[in-house]
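Both backbone and side-chain heavy atoms feed into the values below; hydrogens, waters and symmetry mates do not.
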Amino acid sequence: MQTNGAEKVIEGAVGDSVMQTAVRNGVSGIVGQCGGVLSCASCHVFLAADELCNFEDAVEDEEDMLECTATDRQENSRLSCQLILADGIDVHVTLPDEQL
């Protein structure tokens, strides 16, 4: 969901990250400056709380980067470069008010 409340539905490929899919489809607010190598936090999203169980817990490097986000971290904060799409799993994220 965009910061203005608009929802954008995008089909993604299994094995791609949410960040790759968003950038490829021109989603404003997910920048992915580092290309998904955990060296920036420009792909910060809020993952739907009921979908947290569909993904591995954040690794230490992701946890560290989440402390550097432009918008305050929440319990459901994730870096979208670390959310890998899987078959049969829908992913719903909300973009932070400010990304950079």
- Message: Is there a side chain to side chain contact (heavy atoms under 4.5 Å, CB included) between Leu79 and Met65? Walk through the geometry before answering.
- Response: CA-CA 8 Å; Leu79 296 181; Met65 292 311 305; 3.7 Å; yes
- Query: Going through the checks in order, is the side chain to side chain contact (heavy atoms under 4.5 Å, CB included) test met by Arg24 and Asp16?
  - Reply: CA-CA 11 Å; Arg24 190 176 307 121; Asp16 283 352; 3.1 Å; yes
- For the pair Leu95 and Val27, evaluate side chain to side chain contact (heavy atoms under 4.5 Å, CB included) and give the outcome as yes or no after the intermediate values. CA-CA 10 Å; Leu95 302 177; Val27 174; 4.0 Å; yes
- Task: Applying side chain to side chain contact (heavy atoms under 4.5 Å, CB included), run through Lys8 and Ile10 and close with a yes or a no.
- Result: CA-CA 6 Å; Lys8 185 170 188 174; Ile10 298 171; 4.1 Å; yes
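A 4.5 Å side-chain heavy-atom check between Glu11 and Asn25 finds every atom pair outside the cut-off. Side-chain atoms of Val14 and Leu85, non-hydrogen and from C-beta on, never get closer than 4.5 Å to each other. Residues Val91 and Val93 are in side-chain contact: their nearest non-hydrogen atoms beyond the backbone lie under 4.5 Å apart.
Ionic pairing of Arg73 and Glu63 is present here: one or more N-O contacts between side-chain nitrogen and carboxylate oxygen are shorter than 4.0 angstrom.
Of all heavy-atom pairs between Leu47 and Leu52, the closest is CD2-CD2, 3.6 Å. Of all non-hydrogen atoms in Cys81 and Gly36, the two that sit nearest each other are CB-CA, 3.6 Å. Residues Pro96 and Phe46 approach most closely at CA-CE1, 3.7 Å, considering heavy atoms. Between Glu56 and Arg78, the closest heavy-atom pair is O-NH1, 3.0 Å. Here the closest heavy-atom approach between residue Ala41 and residue Thr69 is recorded as CB-CG2, 3.8 Å.
Not a single donor-acceptor pair under 3.5 Å links the side chain of Asp61 to the backbone N or O of Leu38. Distance alone, capped at 3.5 Å, is enough to place a donor-acceptor pair between the Ser42 side chain and the Gln33 backbone. The closest donor-acceptor contact from the side chain of Ser17 to the backbone of Gln20 lies under 3.5 Å.
Counting only N and O atoms by type, the side chains of Thr71 and His44 include no donor and acceptor under 3.5 Å apart.
Atom CD1 of Ile84 and atom CD1 of Ile89 lie 13.5 Å apart (nearest 0.5 Å). The distance from atom CD of Gln74 to atom CG of Leu66, rounded to the nearest 0.5 Å, is 11.5 Å.
One hydrophobic cluster, built from ILVMFWY side chains closer than 4.5 Å, holds both Ile30 and Phe55.
Remark: Glu67 CD is packed, more than 12 non-hydrogen atoms of other residues, nucleotides or ligands lying under 6.0 Å away.
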